[in-house]
**Student:** 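Mind looking over this structure? Questions follow.
Residue numbers count from 1 along this sequence. Remember, predicted model here, so these are calculated numbers, not experimental data. These numbers come from the heavy atoms of this one structure, side chains and all, not from hydrogens, waters or symmetry mates.
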Amino acid sequence: VPKRPGKMVKQSLFPGMEIPTDQKEATLALEWLHSFLNAYSLRFFLLAWLSENQGVEMDLWKFLQYTLHLKDPGQVLDHFQEPIVSRLILLARQVSGEAHRLKGLIRFRMIQEDTFYGPFEPDHQVLSLLVPFFRKRFGNQRWILHDCRRSTAVLHDHGEMFPIDSISGSEEILASSADQVEKLWQ
């Protein structure tokens, strides 16, 4: 699967149209998916969505169409010989693998006396997959996990989570704290 260079921008399923998120409708859609996909298949479906690969929306639609025609839709992942199923499995594994890798690779830097900053640039949208791991690991600390490619972040402040939709200036943050970081390594 080719990687897109530079900043990743999610193309809309309906170009030129902005469709506001309705939490009630989103919950109903998720419940509908859960009514015929088992938890394992639903996880693969959501992981594939997080891949942000070109055309993933149509792949997911084709996957749903295929699934609805099965006698036992909960076993759809057993049909890996079907091209759309194998594609979805591949995308989900790429996203899951990247999230797993980043759990060990992200390094936090102290940017203030009590705040740690962890920038990273993933190929896929994995921020939501990383947060539970770091929340459990650093639950009593204040930290920011920053997806630099998508300019999104999560601030964790002693147990409370605050999503940040637009953040920039990671270079400035790191430059201002370079002396502090250097002191930590001495």
Side-chain angles (χ1 to χ4, degrees), residues 1 3 7-8 10 21 23-35 37-53 56 60 74 76-77 88-186:
V1 178
K3 296 178 182 164
K7 192 176 237 183
M8 304 239 339
K10 182 83 171 152
T21 302
Q23 190 61 42
K24 185 178 176 182
E25 291 293 325
T27 301
L28 286 173
L30 193 57
E31 288 172 1
W32 176 77
L33 283 172
H34 213 308
S35 71
L37 289 177
N38 62 27
Y40 189 64
S41 299
L42 183 60
R43 177 165 172 77
F44 269 77
F45 184 88
L46 296 174
L47 286 170
W49 169 252
L50 294 175
S51 73
E52 294 187 327
N53 278 44
V56 72
L60 293 171
V76 66
L77 294 181
L88 187 89
I89 290 171
L90 174 69
L91 291 173
R93 286 184 177 164
Q94 288 174 349
V95 172
S96 179
E98 182 175 39
H100 178 74
R101 238 182 353 269
L102 287 171
K103 288 175 185 176
L105 294 176
I106 293 176
R107 297 294 178 246
F108 285 87
R109 299 167 177 103
M110 188 179 291
I111 58 172
Q112 292 178 358
E113 189 172 311
D114 67 339
T115 305
F116 293 89
Y117 174 71
F120 65 106
E121 288 194 40
D123 292 329
H124 308 291
Q125 190 175 337
V126 294
L127 182 62
S128 61
L129 302 175
L130 297 173
V131 168
F133 172 80
F134 288 109
R135 184 177 195 179
K136 186 176 180 181
R137 188 169 178 197
F138 304 119
N140 62 346
Q141 297 176 358
R142 181 181 166 107
W143 47 264
I144 299 169
L145 193 56
H146 180 194
D147 180 341
C148 300
R149 183 165 285 173
R150 290 163 193 82
S151 298
T152 58
V154 171
L155 167 65
H156 177 272
D157 190 4
H158 300 91
E160 289 191 64
M161 306 295 289
F162 303 96
I164 303 168
D165 291 332
S166 181
I167 185 172
S168 61
S170 61
E171 297 80 15
E172 292 83 10
I173 292 171
L174 294 176
S176 69
S177 63
D179 293 335
Q180 293 172 351
V181 173
E182 196 172 309
K183 287 177 187 176
L184 288 175
W185 290 102
Q186 290 178 354

**Student:** Please tell me if the side chains of Glu121 and Asp147 come closer than 4.5 Å, counting only heavy atoms from C-beta onward.
**Tutor:**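 Not in contact.
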
**Student:** If we ignore hydrogens and angles and just use 3.5 Å, is the side chain of His156 paired with the main-chain N or O of Gly159 as donor and acceptor?
**Tutor:**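 Judged by distance alone, yes, a pair lies under 3.5 Å.
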
**Student:** How long is the span from the CG atom in Asp165 to the OG1 atom in Thr152, to the nearest 0.5 Å?
**Tutor:**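 So the CG of Asp165 and the OG1 of Thr152 are separated by 8.0 Å.
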
**Student:** Measure from the side-chain N and O atoms of Ser96 to the backbone N and O of Ala92, and report whether any donor-acceptor pair falls under 3.5 Å.
**Tutor:**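 Not confirmed, Ser96 side chain does not pair with Ala92 backbone.
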
**Student:** Hey, does the side chain of Gln141 reach the backbone of Thr115 with a donor-acceptor pair shorter than 3.5 angstrom?
**Tutor:**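 Absent.
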
**Student:** Say you draw a straight line from CG of Leu47 to CZ of Arg43; how long is it, rounded to the nearest 0.5 Å?
**Tutor:**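 Separation between the atoms: 4.5 Å.
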
**Student:** My understanding is that only one of Leu77, Leu33, Leu91 makes a side chain to side chain contact (heavy atoms under 4.5 Å, CB included) with Phe45; could you say which?
**Tutor:**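 That would be Leu33.
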
**Student:** Given side chains that start at C-beta, do those of Leu130 and Ile106 come closer than 4.5 Å, heavy atoms only?
**Tutor:**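 Yes - at least one pair of side-chain heavy atoms lies under 4.5 Å apart.
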
**Student:** Is the side chain of Asp157 donor-acceptor paired with the backbone N or O of Arg142 at a distance under 3.5 Å, no angle test?
**Tutor:**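 Pair absent, no side-chain N/O of Asp157 close to backbone of Arg142.
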
**Student:** Please give me the minimum heavy-atom distance between His124 and Asn53, naming the atom from each residue.
**Tutor:**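 It is CE1-OD1, 3.7 Å.
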
**Student:** Applying the ring pair (Phe, Tyr, Trp, His ring centres under 6.0 Å) criterion to Phe108, which one of Phe116, Tyr117, Phe120, Phe138 satisfies it?
**Tutor:**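 Checked Phe116, Tyr117, Phe120, Phe138 against Phe108; only one passes ring pair (Phe, Tyr, Trp, His ring centres under 6.0 Å): Phe138.
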
**Student:** Is any side-chain heavy atom of Leu42 less than 4.5 Å from a side-chain heavy atom of Tyr40?
**Tutor:**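 Contact flag for Leu42/Tyr40 side chains = no.
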
**Student:** How about Val95 and Asp123: do any of their side-chain heavy atoms sit closer than 4.5 Å?
**Tutor:**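 When only atoms from C-beta onward are counted, Asp123 and Val95 do not touch, as no gap falls below 4.5 Å.
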
**Student:** Determine whether Arg107 and Pro119 make a side-chain contact, defined as any pair of heavy atoms from C-beta on separated by less than 4.5 Å.
**Tutor:**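 Of all side-chain heavy-atom pairs linking Pro119 with Arg107, none is under 4.5 Å.
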
**Student:** Do Pro122 and Arg150 touch side chain to side chain, with heavy atoms closer than 4.5 Å?
**Tutor:**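 Yes, close enough: below the 4.5 Å cut-off.
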
**Student:** Mind checking the CE-CH2 spacing from Met110 to Trp143? Nearest 0.5 Å is all I need.
**Tutor:**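 If I round to the nearest 0.5 Å, the distance is 15.5 Å.
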
**Student:** For side-chain contact (heavy atoms from CB on, under 4.5 Å), just list the numbers for Ile89 and Phe44, CA-CA rounded to whole Å, side-chain angles, deciding distance to a tenth of an Å, and then say yes or no.
**Tutor:** CA-CA 7 Å; Ile89 290 171; Phe44 269 77; 4.0 Å; yes

**Student:** At their closest point, which heavy atom of Met161 faces which heavy atom of Val154, and how far apart are they?
**Tutor:**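 Here Met161 and Val154 meet closest at CE-CG1, 3.2 Å.
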
**Student:** When rounded to the nearest 0.5 angstrom, what distance separates CD in Glu98 from CG in Leu105?
**Tutor:**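 Between atom CD of Glu98 and atom CG of Leu105 there are 10.0 Å.
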
**Student:** How long is the gap from OG1 on Thr27 to NZ on Lys24, to the nearest 0.5 Å?
**Tutor:**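 It is 10.0 Å, given to the nearest 0.5 Å.
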
**Student:** Looking at every heavy atom in both Leu50 and Ser128, which two are closest together, and how far apart are they?
**Tutor:**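 Heavy-atom minimum between the residues: CD1-OG, 4.1 Å.
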
**Student:** State, to 0.1 Å, how close Ser41 and Leu37 come at their nearest heavy-atom pair, and which atoms those are.
**Tutor:**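 Shortest heavy-atom separation between Ser41 and Leu37 comes out as CB-CD2, 3.9 Å.
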
**Student:** Any chance you could measure Ser51, atom OG, to Arg93, atom CZ, to the nearest 0.5 Å?
**Tutor:**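 It comes to 14.5 Å.
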
**Student:** So which heavy atom on Leu60 is nearest to which on Ala48, and how close?
**Tutor:**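 Taking every non-hydrogen atom into account, CD2-CB, 4.0 Å.
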
